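Excluded from the calculations below are hydrogen atoms, water molecules and symmetry mates; all remaining heavy atoms, backbone and side chain alike, are included. In what follows, chains carry the letters A, B, and so on, assigned in the order in which the sequence lines appear, proteins first and then strands, with residues in each chain numbered from 1. Please read all numbers here as calculations on a predicted model, not as lab measurements.
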Amino acid sequence: MTTILTLQSSLTPSRAPVTKHANFNQIPSWVSLKSSTSSVKLEHKQGQVENLHLVSLSKHGKLNEAFEFFQEMDKAGVSVAPYSYQCLFEACRELRSLSHGRVLHDRMRKDCESPSVTLQNCVLQMYCECGSLEDADKVFDEMPELNVVSRVTMMSAYAGRGLLDKAVGLFSGMLESGEKPTSSVYTTLLKSLVNPRDLNVGKQVHGHVIRSGLLGNASIEAGVLNMYVKCGWLVGAKLVFDQMVVKKPVAWTGLMIGYTKAGRARDALKLFVDLVTEGVEWDSFVFSVVLKACASLEEVNLGKQIHACVAKLGLESDVSVGTPLVDCYIKCSSFESALLAFEKISEPNDVSWSAIISGYCQMSQFEEAIKTFKSLRTKSAAVLNSFTYTSVFQACSVLADCNIGGQVHGDAIKRSLVGSQYGESALITMYSKCGCLDDARAVFESMDNPDVVAWTAFISGHAYYGNASEALRLFEEMVRCGMKPNSVTFIAVLTACSHAGLIEQGKCYLDTMLPKYNVAPTIDHYDCMIDIYSRAGVLEEALKFMKSMPFEPDAMSWKCFLSGCWTHKYLELGEIAGEELRQLDPEDTAGYVLPFNLYTQAGRWEEAAEMMKLMNDKMLKKELSCSWIREKGKIHRFIVGDKHHPQTQEIYEKLKEFDDFMEGDVFQCSMTERREQLLDHSERLAIAYGLISVNGHARGPIKVFKNLRACPDCHEFAKHVSLVTGHEIIIRDSRRFHHFKEGKCSCNDYW
DNA sequence: AGTGCTAGGT
């Protein structure tokens, strides 16, 4: 009762208020009553101050306070003015609060005997935007009087939900009743026609536009053009464009967007050239569109020229020009230029940041992507969006960093920025690649309508983990649900078969892809099949298959075959495969390394040396094997014979404890010459460090990551360690997971 | 009227 009362009395200087006022002690000090200019009016209009307070509360979105204030007003016998209702409904819309809206609507009905059309329209808009078309429908049907705004509101709501028939019905109703549709009716209707199946309706609306003589109206004309673009009828859009007397930039950009989206970026660029020659004024929209066209064509040279124009016009700092410029450079793999362009943007927005983060991912700089994301989190929340999170999930999945991944996921949930479909699929992959299938499942099961990408991601996760039966079960379930598998889905299915040695089933899926699922197999699918045969050790079968398949074997075909030759020690076949692979892809180190291994296994040192020489001549380097493990949030990396770790001594002592094993039966067949080297393989060092850190306490499994394929001897070692120490060990190598428990591995030694 | 993201084998 303090500040406000004095204010109030200053508004009514001489006399005390005639009417009883509500209790104002809830009015915060920011309420300004100064806008109410006439103090004389105030005396006569009962409740004006109270209603002003309501308006103020609604403008600040304080609906609960407003509702509490109703009680004060009721007590004082002051009524809520129609204008207050309008503002309050608007606040409900802003806050998308259907519950507040309903309560308010109830009260309004009791309060106002015959609400104005304007007020009823506010109710309509509130229900439409709060997502209850049912309520809106009811109000609309019961309205005694309608105007254009009521109809446009409903039209746009119907259209937004894909209820085009109803939207068009309203339009026809107007025509039948002889009411002349205004231009806003047309623009609303045109905006709601957004996909090819709306084209027919669009053409009819276009007809009505022509007959109503509104075609000269620039915004309607542009609306028609854009409608044709969205409906995918570029010929029609071009016709409209050609007939335009005055071609404003919006028409040019509209058509250019159409071409770009249709994969006709060349035509978009041609149009841009026309635009330049005709001397049409450029605006930032023109630049953003033409840069997108450049990006999709990877036309870095044109991009640079446009960049020059942009710079000349001083538009580099404009976020809506700078961002597509950054993206154009990223798509053209000019990351340096992209970073420079990014720095010129004066106020990078969420789109700019998501472009740069996905750029880091495209350049395989995943750590940088995460670093950038972390620094963004400390800035304003407005720079984060679901696109950014999707990219960060991707980075986490490549780094197999479940720790950060999980935190980022939690963060995204808090901000409601897990993109439906895209974000969720990225999460499924992330958790799968980190070895957290349960979390992947949780995400998958939380999805209302998992699309084919999500299903495939989840199936791949199981394939990756060696869980073939579950992968195949999921595939069958997916089909039962009516989801159509695609080419990638079959890669996942065949991979699952491959990782479990399911030759017959794999062949069956490959053979039925086309007849049963209408997905044409590609060389990739045949390569998977070669992999299945080779991995299972039936190399002759693999060779026979390769020769009979409808494609010429490619580098990948031979690589799968060669890899099988190595695991199953087929030297002669491996020699052939190596030669083929070296011819088809001389850059691939596998063509040298695997034959080298085969030769050394057979003790054919000279030929082995020859392989090394070939590789060195080509300036190729064998990727250095590296393993890492996370301990208390820190990553510890090891390479072969690594002695850099501060606890090196302890690590090697730990390894010595397993010396008995090294002398055991399993190793009788292994080469004694390489024993020394085997002792300090990177994965062993990482496992040993893991054991030291666990220090006798039972915690979760020891998780080791390796950049290359796990070595068979170390695989045996891990099995042994899991048996004697009772610790579970998980090794994620470059291709899959191995889960060691009580002396056994989840892969059943099939890998 | 425009810009940014998802699933894959070796």
Side-chain angles (χ1 to χ4, degrees), chain A residues 191 219 222-223 225-226 229 248-258 260 283-292 295 318-328 330-331 349-359 361-362 385-394 397 419-430 432 450-461 463-464 485-496 498-499 523-525 527-532 534-535 555-564 581 585 588-590 594 708-709 734-736:
Chain A
K191 251 188 235 160
S219 64
L225 190 149
N226 281 314
V229 165
K248 297 208 166 179
V250 56
W252 292 88
T253 50
L255 199 53
M256 282 165 71
I257 292 160
T260 310
D283 60 9
S284 59
F285 284 93
V286 173
F287 284 115
S288 66
V289 176
V290 73
L291 282 166
K292 189 184 165 72
D318 183 337
V319 66
S320 42
V321 180
T323 306
L325 186 61
V326 167
D327 184 56
C328 178
I330 288 172
K331 295 265 157 69
N349 61 13
D350 55 329
V351 183
S352 329
W353 283 109
S354 76
I356 213 82
I357 286 182
S358 88
C361 290
Q362 279 171 52
N385 63 25
S386 63
F387 287 69
T388 314
Y389 278 95
T390 304
S391 292
V392 177
F393 296 151
Q394 194 197 0
S397 75
S420 60
Q421 312 278 296
Y422 279 46
E424 288 162 326
S425 292
L427 273 173
I428 293 170
T429 302
M430 181 191 84
S432 305
D451 62 356
V452 63
V453 178
W455 278 99
T456 305
F458 198 37
I459 293 172
S460 293
Y464 198 62
N486 65 18
S487 176
V488 182
T489 315
F490 279 100
I491 297 281
V493 167
L494 292 170
T495 309
S498 168
H499 283 259
I523 180 86
D524 293 338
H525 299 97
D527 285 346
C528 285
M529 196 61 221
I530 296 168
D531 185 56
I532 294 179
S534 307
R535 230 183 256 247
M556 184 60 77
S557 317
W558 288 110
K559 194 166 157 176
C560 295
F561 182 71
L562 174 58
S563 165
L581 176 55
D585 186 0
D588 193 333
T589 50
L594 293 180
L708 301 178
R709 233 177 120 169
S734 60
R735 39 174 92 179
R736 61 169 294 158

Donor-acceptor pair under 3.5 Å: do we get one between [X]'s side chain and the base of [N]?
X      : N     : answer
A/D524 : B/dG9 : yes
A/T495 : B/dG8 : no
A/N486 : B/dA7 : yes

Among the candidates [options], find the nucleotide nearest to the side-chain atoms of [X].
X      : options             : value
A/I491 : B/dT6, B/dG8, B/dC5 : B/dG8
A/A457 : B/dT6, B/dG9, B/dA7 : B/dA7
A/S320 : B/dT6, B/dG9, B/dG2 : B/dG2
A/V289 : B/dT3, B/dG2, B/dA1 : B/dG2
A/P324 : B/dG2, B/dT3, B/dG8 : B/dT3
A/D531 : B/dT6, B/dG9, B/dA7 : B/dG9
A/N349 : B/dG8, B/dT6, B/dT3 : B/dT3
A/D283 : B/dA1, B/dT6, B/dG8 : B/dA1

Tell me what [X] touches on the nucleic acid: a base, only sugar-phosphate, or nothing, going by heavy atoms under 4.0 Å.
X      : value
A/E424 : nothing
A/T253 : base
A/D327 : sugar-phosphate
A/L494 : nothing

* To do: Say whether A/S391 and A/S358, considering side chains only, have a donor N or O and an acceptor N or O under 3.5 Å apart.
  =>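 The criterion, which ignores hydrogens and geometry beyond distance, is not satisfied for A/S358 and A/S391.
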
* **Donor on one side chain, acceptor on other, A/S534 and A/D531, under 3.5 Å** =>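 No - no donor-acceptor pair under 3.5 Å links their side chains.
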
Looking at [Y], is its backbone amide N or carbonyl O close enough to the side chain of [X] to form a donor-acceptor pair, meaning the two atoms are under 3.5 Å apart?
X      : Y      : value
A/N226 : A/A222 : yes
A/T456 : A/V452 : yes
A/S425 : A/Y422 : no
A/T323 : A/S320 : no

* Asked: Does the ring of A/F285 lie flat against the base of B/dG2, closer than 5.5 Å centre to centre with planes under 30°?
  ->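 A stacking contact does not exist, since A/F285 is not both close and nearly parallel to the base ring of B/dG2.
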
Rounded to whole angstroms, how far apart are [atom1] on [X] and [atom2] on [N]?
X      : N     : atom1 : atom2 : result
A/M430 : B/dG8 : CE    : P     : 14 Å
A/M256 : B/dA1 : CE    : P     : 16 Å
A/I459 : B/dG8 : CD1   : C1'   : 12 Å
A/L562 : B/dG9 : CG    : P     : 19 Å
A/I532 : B/dG8 : CD1   : C1'   : 14 Å
A/H499 : B/dG8 : NE2   : P     : 12 Å
A/I356 : B/dC5 : CD1   : C1'   : 15 Å
A/D318 : B/dG2 : CG    : P     : 15 Å

Can a side chain N or O of [X] be found less than 4.0 Å away from OP1 or OP2 on [N]?
X      : N     : result
A/Q421 : B/dC5 : no
A/K292 : B/dT3 : yes
A/Q394 : B/dC5 : no

* Is any side-chain heavy atom of A/L594 less than 4.5 Å from a side-chain heavy atom of A/S563? ->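 Yes, at least one pair of side-chain atoms sits under 4.5 Å.
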
